[in-house]
Amino acid sequence: LWLAGYLPHLASCARCDEPGPLVGFSAADGGAVCERCAGGALHLSAGGFLAVRGLLEHPLAAARSLGIGAGAARETLRVVEAVYEYHGGFRLRTLARR
């Protein structure tokens with residue numbers, strides 16, 4: 001995603017630029033969204049935000065050492081799926097069989 005120019009905005013609401021609290025992720029808006037802007041967005045827990053941020057800030061080889069829980073990992077996968085579906089117009093084949 002980073003190489004394709006789709007690095008998500010996570011510092012403030014991607015729609016209104018308010019600092020937060022951030023409660024969801026919108027591929028259409030390009031990142032995290034606040035409660036007021038979260039209509040139609042994926043809900044993300046605090047752990048989900050930490051997981052997304054951690055995976056963006058560290059090499060993928062270090063992913064296991066980040067201590068990402070199962071719930072946060074599922075939320076992160078949903079973020080990746082949403083970004084690919086929105087920007088690529090397709091569902092990842094490896095995820096289609098779930």
Side-chain angles (χ1 to χ4, degrees):
L1 295 175
W2 174 74
L3 290 174
Y6 297 118
L7 191 63
H9 180 81
L10 301 173
S12 60
C13 180
R15 186 177 296 170
C16 72
D17 205 34
E18 287 295 317
L22 304 172
V23 299
F25 183 89
S26 169
D29 291 313
V33 289
C34 66
E35 189 170 353
R36 188 177 72 217
C37 297
L42 297 170
H43 171 76
L44 277 184
S45 66
F49 278 112
L50 288 174
V52 171
R53 185 170 278 123
L55 291 171
L56 290 171
E57 295 173 352
H58 296 86
L60 193 54
R64 290 192 189 271
S65 67
L66 296 176
I68 298 171
R74 281 190 298 275
E75 290 178 8
T76 303
L77 180 58
R78 287 193 348 245
V79 166
V80 172
E81 289 175 325
V83 170
Y84 272 100
E85 287 178 18
Y86 182 80
H87 292 289
F90 61 90
R91 182 161 171 79
L92 295 173
R93 274 186 163 176
T94 57
L95 302 174
R97 295 184 185 169
R98 289 188 302 147

**Message:** Cys37 vs Ser26, test: side-chain contact (heavy atoms from CB on, under 4.5 Å). Steps then yes/no.
**Reply:** CA-CA 9 Å; Cys37 297; Ser26 169; over 6 Å; no
**Message:** Please evaluate residues Cys13 and Leu22 with respect to the criterion side-chain contact (heavy atoms from CB on, under 4.5 Å), reporting the C-alpha separation (whole Å), side-chain torsions for both, the decisive distance (0.1 Å), and the verdict.
**Reply:** CA-CA 7 Å; Cys13 180; Leu22 304 172; 4.2 Å; yes
**Request:** Kindly indicate whether the side chain of Val23, heavy atoms from C-beta on, has any atom under 4.5 Å from the side chain of Leu44.
**Result:** no
**Prompt:** When rounded to the nearest 0.5 angstrom, what is the spacing between NE2 in His43 and CD in Glu35?
**Reply:** 10.5 Å
**Message:** So which atom in Ala14 and which in Gly30 form the shortest heavy-atom distance, rounded to 0.1 Å?
**Reply:** CB-C, 4.1 Å
**Message:** Run the side-chain contact (heavy atoms from CB on, under 4.5 Å) test on Arg53 and Leu66 for me, step by step, so that the C-alpha distance in whole Å, both residues' side-chain angles and the decisive distance to 0.1 Å come before the verdict.
**Reply:** CA-CA 11 Å; Arg53 185 170 278 123; Leu66 296 176; over 6 Å; no
**Asked** What are the two closest non-hydrogen atoms of Leu56 and Pro8, and how far apart are they?
**Response** CD1-CG, 3.7 Å
**Request:** Grab the two heavy atoms, one from Phe49 and one from Ala32, that are nearest each other, plus how far apart they are.
**Result:** CE2-CB, 3.5 Å
**Request:** Evaluate the side-chain contact (heavy atoms from CB on, under 4.5 Å) criterion for residues Leu42 and Glu75: first the C-alpha distance (whole Å), next the side-chain angles of each, then the deciding distance (0.1 Å), finally the verdict.
**Result:** CA-CA 8 Å; Leu42 297 170; Glu75 290 178 8; over 6 Å; no
**Prompt:** What are the two closest heavy atoms between Val33 and Ala38, and how far apart are they?
**Reply:** CG2-CA, 3.8 Å
**Asked** So, for His58 and Gly54, which heavy atoms are closest and what is the spacing to 0.1 Å?
**Response** ND1-O, 2.9 Å
**Closest non-hydrogen atom pair between Asp29 and Arg15, with its separation** = OD2-NH2, 2.5 Å
**Asked** Would a hydrophobic clustering, with Ile, Leu, Val, Met, Phe, Trp and Tyr connected at side-chain separations under 4.5 Å, put Ile68 with Val79?
**Response** no
**Message:** Do Arg36 and Cys16 have side chains that approach each other closer than 4.5 Å (heavy atoms only, starting at C-beta)?
**Reply:** yes
**Prompt:** Does Leu55 share a hydrophobic cluster with Leu7, counting links as ILVMFWY side-chain heavy atoms below 4.5 Å and allowing steps through other members?
**Reply:** no
